[in-house]
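Working notes, structure below.
Heavy-atom basis, side chains included; hydrogens, waters and symmetry copies ignored. Numbers restart at 1 for each chain; the letters A, B, ... are given by sequence-line order, proteins then strands.
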Protein chains: 2
Amino acid sequence: MMQSENPVLVKRHSGKNQTITMRDVANSSGFSPATVSIVLNNAPLARYIAPTTKKRIEEVAKKLGYRPNAMARFLRSKRSHSVGVMFFDITDPFCTPVLRGIENALYQSSYVPIFADAHNQRNRFERYLEMLLEHHVEALIVVANWLFVDIQLLADLSKRNITAATIGWEMPGNDVSSVMVDNEAGGRLALEHLHHLGHRKIAFIRGPKMLIDSAPRWKGIQKFAHSAGLEIDPALVLQLPDSFDPNSGFEGGYRFTEELLQRKKRFTALMAFDDLTALGAIRALTKAGVKVPENCSVVGFDDVPLSSLSAPSLTTVRQPLEAMGNLAVNIVMEGVNAGLEKRDWSISRHKMNPELVIRDSTQAAVLSSSDD
Amino acid sequence: MMQSENPVLVKRHSGKNQTITMRDVANSSGFSPATVSIVLNNAPLARYIAPTTKKRIEEVAKKLGYRPNAMARFLRSKRSHSVGVMFFDITDPFCTPVLRGIENALYQSSYVPIFADAHNQRNRFERYLEMLLEHHVEALIVVANWLFVDIQLLADLSKRNITAATIGWEMPGNDVSSVMVDNEAGGRLALEHLHHLGHRKIAFIRGPKMLIDSAPRWKGIQKFAHSAGLEIDPALVLQLPDSFDPNSGFEGGYRFTEELLQRKKRFTALMAFDDLTALGAIRALTKAGVKVPENCSVVGFDDVPLSSLSAPSLTTVRQPLEAMGNLAVNIVMEGVNAGLEKRDWSISRHKMNPELVIRDSTQAAVLSSSDD
DNA sequence: CGGCCTTATTCAATCGTTTCAATGTTCAAT
DNA sequence: ATTGAACATTGAAACGATTGAATAAGGCCG
């Protein structure tokens, strides 16, 4: 454990614990627990309860400071009013805005998020899943941009009728809803921007194969390049290795940019797989005396919170992270309600539109006479 | 809601839901529910249970995939195995490492964190508190570096015997444990570093009055200055205004540094209240043509994750954020156990030691002949 | 052989809600 | 006057675990 300057002990603590139950409200108001329950939950039967009764009960409940016991309630009604929110690595700056989006949407529905972080470890993921099931979460949201988990998850969940949604990743098969950014469109957006600025010699640092985002982004790039007649020089294309460390993008961007510079092939712009990679690239460029954006434009992807704070601030393709969190909640809530009303419902897969955010790391290419 | 390219509807979904209860394990193993419970929880009475019986029951439970129902268990045993974790603004980069520390420690104890984010709003804080109480969290951890909440919290909690701890903030009064960094030591550390590097003309951007960290940091600075015979020029000291936006530090650092530069008083180093402020300051300096660290050293405070990624990377005073989260969990767990065993126990207040992290934003002062 | 301790297991009450079915009313319609 | 809705409320059985008290069967001792 951490050293810590003599902890100051302060005050004795003990105490009596008197929780107010529904029975108390019933006794105190002169009605039965059943009536109280019906009134306080505004259950269907509440239609028949006399307004004066309702008022009385509500008054008493408030005066006594009655708080329903979520556990007891669950036991009877099967509703825990909680949702599991699993991250594969909360340390990834990508996650914070998503978390906020999820939290906010759940809050609107008076659901409570149970937070789980797999630390990129499979067994930890499984253990958490177990814990979430024990706590009978009504739904599960999984945030990841890659995944080792297969059918196991799905089996356990759909057997128990728990609606799930993934963010930033799609389950193979058609059993779990998902919310992703349209990576292909994003890739196109970024390259289009550089192209419009007049860049023709562009270097690329592609994402790791493991990440589901990598391929479509590259596809978007290629498609645009093709349609615009832009040639992509294979000597200016590198691909990040697979890694579990969310900060490895920075490191990778740095090293690969050094590598690119050593190749002595001129490029006036660099497109990085994501923001962290871009930041690493900028660091390497700056160190090598290449000014950004004067001598080389750099564009990232994601628009994580630090991108606007970096120097120079980063031009990037924004994922609507908060909105994605929101949407995932709406999806699972829809599933929960469907289950409640014994309706059938359908899995859905969403691709959100990315958005180009132009900041200081890109500028128009300087015209050069010598090509190559 | 967000636009999203035609969501693809995929597959029908419905299903049967067969949960395995303890009764199932009992029937299937030929013993009674009581025995099963005793065995599976390794309760005191388990001492008397025949080893063969234990084995049998455990086998059956595993084979059936029995999962205890946390809610039902709570109802009888009063233990929810959950802890409320309240943030005042998860968007603050300060929070992520703390969250990880908390999550990790709870995981070790098989507790589940219920996540709450007050968004800096008092009513939201109160509503969440309500929800957490309804879910009967066994303890509460509050992460904040400032606060509007008063005795209300304390009253509700100690009445219900819920141990609480705050991180980054101390409750006035002596009823809630707390974990903080030793701000005074941190302030000293930072200034000491600049002083050792030979800086004598140092500008300061102090923290907002509202923040509990501001005063002690400044005190540490003053004390060191006094002991080292360093003079602090009041014309080089500014104080950030109060604000709820966690990113306002950057903005403030930027503006105040511009302001400082306009004053035409030379300074060779700048000490910012926190990392974001420092980053804002660096931005302003760079824009004004003052190179960091060549012409001006900058030091921050906190060591939030982006500080190592900025350009130049930031010299700063590290708060052991993850360890602080950890410690807070240990504290409340101790409280929970004490309550369980009807022991008395004591509130504690910790001040963790900060640590100087030297990176690229500081370097030795160039000797100048002209002073003033 | 009867009493007592130890071992092994079970009974049954309980936690705080929800909800189905039941019990009375009242009142309009046959 | 009888019926049957609609209204207003309640009794009591769940829900799935935990746990103190009870039961029962050996084993040991005097």
Quiz item: Should A/Arg73 be listed as having a side-chain N or O under 4.0 Å from OP1 or OP2 of C/dG16?
Solution: no
Quiz item: Given atom CG of B/Leu75 and atom P of D/dG16, what is their separation to the nearest angstrom?
Solution: 12 Å
Exercise. Consider the side chain of A/Asn69, meaning its heavy atoms from C-beta on, and name the nucleotide among C/dT17, D/dT18, C/dT9 that approaches it most closely.
Key: C/dT17
Quiz item: Among the nucleotides D/dT9, C/dG16, C/dT9, which one has an atom lying closest to any side-chain atom of A/Ile49?
Solution: D/dT9
Quiz prompt | Length of the line joining B/His136:NE2 and C/dG16:C1', which is rounded to integer Å | solution = 9 Å
Quiz item: What is the distance from CD1 of A/Ile38 to P of C/dT17, rounded to the nearest Å?
Solution: 14 Å
Quiz item: Ion pair present between B/Lys54 and B/Glu59, side-chain N to carboxylate O less than 4.0 angstrom?
Solution: no
Quiz item: So which nucleotide from C/dT9, D/dT9, C/dT17 ends up closest to the side chain of B/Tyr48?
Solution: C/dT9
Quiz prompt | B/Thr35 side-chain N/O to C/dT10 phosphate OP1/OP2 under 4.0 Å | solution = yes
Quiz prompt | B/Arg47 CZ - D/dT19 P separation (whole Å) | solution = 15 Å
Practice problem: Would you please confirm or rule out a distance under 4.0 Å between OP1 or OP2 of D/dT9 and any side-chain N or O of A/Thr53? | Solution: yes
Quiz item: Rounded to whole angstroms, how far apart are CG on B/Leu133 and P on C/dG16?
Solution: 16 Å
Quiz item: With A/Val332, which of A/Asn337, A/Thr163, A/Ile102, A/Leu327 fulfils side chain to side chain contact (heavy atoms under 4.5 Å, CB included)?
Solution: A/Thr163
Quiz item: Does atom CZ of A/Arg23 have more than 12 heavy-atom neighbours from other groups under 6.0 Å away?
Solution: no
Self-check item: From D/dT9, C/dT9, C/dT17, nucleotide with atom closest to A/Ala50 side chain
Solution: D/dT9
Practice problem: Ignoring backbone atoms, establish whether A/Lys78 has a side-chain N or O less than 4.0 Å from OP1 or OP2 of D/dG16. | Solution: yes
Quiz item: Distance-only, no hydrogens or angles: does the A/Ser177 side chain make a donor-acceptor pair with backbone N or O of A/Ser348 under 3.5 Å?
Solution: yes
Quiz prompt | A/Glu134 side-chain N/O to B/Ala70 backbone N/O, donor-acceptor pair under 3.5 Å | solution = no
Exercise. Answer with base, sugar-phosphate or nothing: what part of the nucleic acid does A/Phe74 contact at a heavy-atom distance below 4.0 Å?
Key: nothing
Quiz prompt | Protein-nucleotide distance (A/Asp24, atom CG; C/dC15, atom P), rounded to Å | solution = 12 Å
Exercise. Look at B/Asn41 and D/dT18 and indicate whether a side-chain polar atom (N or O) is within less than 4.0 Å of OP1 or OP2.
Key: yes
Quiz item: Between the side chain of B/Arg124 and the main-chain N/O of B/Asp117, is any donor-acceptor distance below 3.5 Å?
Solution: yes
Self-check item: Closest nucleotide among C/dT9, D/dG11, C/dG16 to the A/Ala34 side chain
Solution: D/dG11
Quiz item: Considering heavy-atom distances to DNA chain C, does A/Leu45 or A/Pro33 have its closest nucleotide positioned more toward the 5' end?
Solution: A/Pro33
Quiz item: Between D/dA14, C/dT10, D/dA17, which one does the side chain of B/Arg76 approach most closely?
Solution: D/dA17
Quiz item: Counting side-chain heavy atoms from C-beta on, which of D/dT10, D/dA17, C/dT17 comes nearest to B/Met22?
Solution: D/dA17
Practice problem: Would you please confirm or rule out a distance under 4.0 Å between OP1 or OP2 of C/dT19 and any side-chain N or O of A/Ser37? | Solution: no
Self-check item: Between C1' of D/dA17 and CD1 of B/Ile20, the distance in whole Å
Solution: 16 Å
Exercise. Look at the side chain of A/Ala72 and decide which nucleotide, out of D/dT19, C/dT17, D/dT18, has an atom nearest to it.
Key: C/dT17
Quiz item: Just checking A/Thr21: base, sugar-phosphate only, or nothing, at a heavy-atom cut-off of under 4.0 Å?
Solution: sugar-phosphate
Exercise. Measure from CG on A/Leu40 to P on C/dT18 and round the result to the nearest Å.
Key: 8 Å
Exercise. Map A/Phe31 and A/Ser77 onto DNA chain D by nearest heavy atom, then report which one ends up closer to the 5' terminus.
Key: A/Phe31
